[in-house]
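Counting starts at 1 for both ligands and their atoms, in listed order. Atoms considered below: every heavy atom in the structure, side chains included; atoms not considered: hydrogens, waters and symmetry mates. Note that the structure is a prediction, hence the values are computed from the model and not measured.
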Amino acid sequence: MSLPAKSTSPAVILTGDRPTGPLHLGHYVGSLRNRVTYQHDYKQYIMLADSQALTDNMDDTGKVHRNVVEVALDYLAVGIDPAKSTILIQSQIPELAELTFYYLNLVTVARLERNPTVKAEIVLRGFERDIPAGFLTYPASQAADITAFKAALVPVGEDQIPMIEQTNEIVRRFNRLANQDILVECKALVPEIGRLPGIDGKAKMSKSLGNTINLGASAAEITAAVKKVYTDPLHLRVEDPGHLEGNVAFIYLDAFDPDQAALAEMKAHYVRGGLGDSIVKKRLELVLQEMLAPIRARREELAKDRGYIMQILKDGTAAAREVAARTADEVKAALGLSYF
Ligand code: ATP
Ligand code: MG
């Protein structure tokens, strides 16, 4: 992965999540880990995408409202530092909606319908023909979020790559129209490990699939989840050779076990036969308990001072709005929409 040189071009990172539920290990692998790492080297904006969350949650706006604080707590608990990263609330920056409105004229309905992520999500949500227009067009809103901050890097899970491609199409089209490089093309920062499967073995750990281990999970919840983790259905007796492919216990150990050398031995033993799932799961439980305990403790501590969290969000949103407003002014001027 080639990143812009820090010293010469301090890139801006834009990243975010829909506050529709607590963050989970999939988010951690997909983007949080990178955000925590890169916040030291690049200017980073992290967005709580509450407006975007409404595109499929208009019937439960209370859920989105409640989860703004919950997701902010998750960010701070995993190590997002508000002194280094600016956390903002999407709905409180009207310029993001304004930019979306213009960008919608730079994409076609056919192109939106072809977006593979949108397509998959429409199937997942069972919308069939009754797709909210806001949902179908959310890639344009995502383009607004990214370009408002002139972000060059976007740390996301691999399922978001089509969004980045669509954003860059909008950027190129707009810059061509404007006849100057006002907007900045961006690059997805995708982790090597790719997408984390759910505990049930489904391809993706996801809130809507109910197959997550949340970052704030209690010790008992972790224990219960590890018991359910999908392994190898053909590995019936301890002496049978086991399979690693699709084996979620090993996929999680690959992602989180700090002792990768011991893990390699464990894998070899499993494949040879003679190593039971219970031993593998015992290791997984230990790894996850040790990893999540400090996150949970910080989260509980931070949750005691809601005023502090709200202040971080208020300050971050105000700072971010100034940046977004500058971009919106430039975009409007380029479109001939400046009069006074
Ligand atoms: P929802 O069910 O509301 O869609 P989700 O759990 O699928 O929620 P998103 O909010 O859609 O999570 O994802 C936010 C970000 O986290 C995206 O960058 C996405 O790629 C990443 N992400 C989510 N789940 C995973 C996963 N299992 N593996 C890797 N990255 C993930
Ligand atoms: Mg999703």
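- Atom numbering of ligand 1 starts at 1 in the shown order; those under 4.0 Å from a heavy atom of M205 are 24 (N), 25 (C), 26 (C), 27 (N).
- At a heavy-atom cutoff of 4.0 Å, ligand 1 is contacted by the side chain of D17 but not by its backbone.
- For the pair R172 and E169, the salt-bridge criterion is not met [side-chain N within less than 4.0 Å of a carboxylate O].
- Taking every heavy atom of S206 and a limit of under 4.0 angstrom, the matching atoms of ligand 1 come to 2 (O), 5 (P), 6 (O), 7 (O).
- With ligand atoms numbered from 1 in the order given, ligand 1 contributes 18 (O) to contacts under 4.0 Å with heavy atoms of V156.
- Residue R195 places no N or O, backbone or side chain, under 3.5 Å from any N or O of ligand 1.
- Under 4.0 Å from ligand 1, heavy atoms of L196 appear from its side chain as well as its backbone.
- Closest heavy-atom contact between V248 and G201: CG2-CA, 3.6 Å.
- Less than 4.0 angstrom separates some heavy atom of D159 from each of these atoms of ligand 1: 19 (C), 20 (O).
- A distance-only check finds a donor-acceptor pair linking the side chain of N211 to the backbone of S206 [under 3.5 Å].
- Of the listed options R125, H24, H27, H27 places a heavy atom closest to atom 9 (P) of ligand 1.
- Taking any N or O of G194, backbone or side chain, none lies under 3.5 Å from an N or O belonging to ligand 1.
- With hydrogens and angles left out, the side-chain atoms of D232 and Y270 include no donor and acceptor closer than 3.5 Å.
- For ligand 1, the atoms sitting less than 4.0 Å from at least one non-hydrogen atom of R18 are 3 (O), numbered in the order shown with element in parentheses.
- Taking distance alone, with nitrogen or oxygen atoms compared against 3.5 Å, E158 stays at or beyond that limit from ligand 1.
- Close contacts of ligand 1 with G157, meaning ligand atoms under 4.0 Å from a residue heavy atom, involve 18 (O), 19 (C), 20 (O), 30 (N).
- On a distance-only criterion, G26 and ligand 1 share at least one N/O pair closer than 3.5 Å.
- Counting only heavy atoms from C-beta outward, the side chains of T327 and L183 approach each other to under 4.5 Å.
- Side-chain contact of E221 with N214: a donor-acceptor pair under 3.5 Å is absent, judged by distance alone.
- In this structure, Y28 and F256 have tilted ring planes: the angle between them lies in the 30° to 60° band.
- With a heavy-atom cut-off of 4.0 Å, Q160 touches ligand 1 through its side chain alone.
- Put simply, the side chain of H235 gets close to the backbone of D240: a donor and an acceptor are under 3.5 Å apart.
- For a threshold of 3.5 Å applied to N or O pairs, the pair formed by T20 and ligand 1 contains at least one separation below that value.
- Between F135 and Y138, the angle of the ring planes goes over 60°, which puts this pair in the perpendicular group of the 30/60° scheme.
- One finds a salt bridge joining R299 and E70 here, because a Lys/Arg side-chain nitrogen approaches an Asp/Glu carboxylate oxygen to under 4.0 Å.
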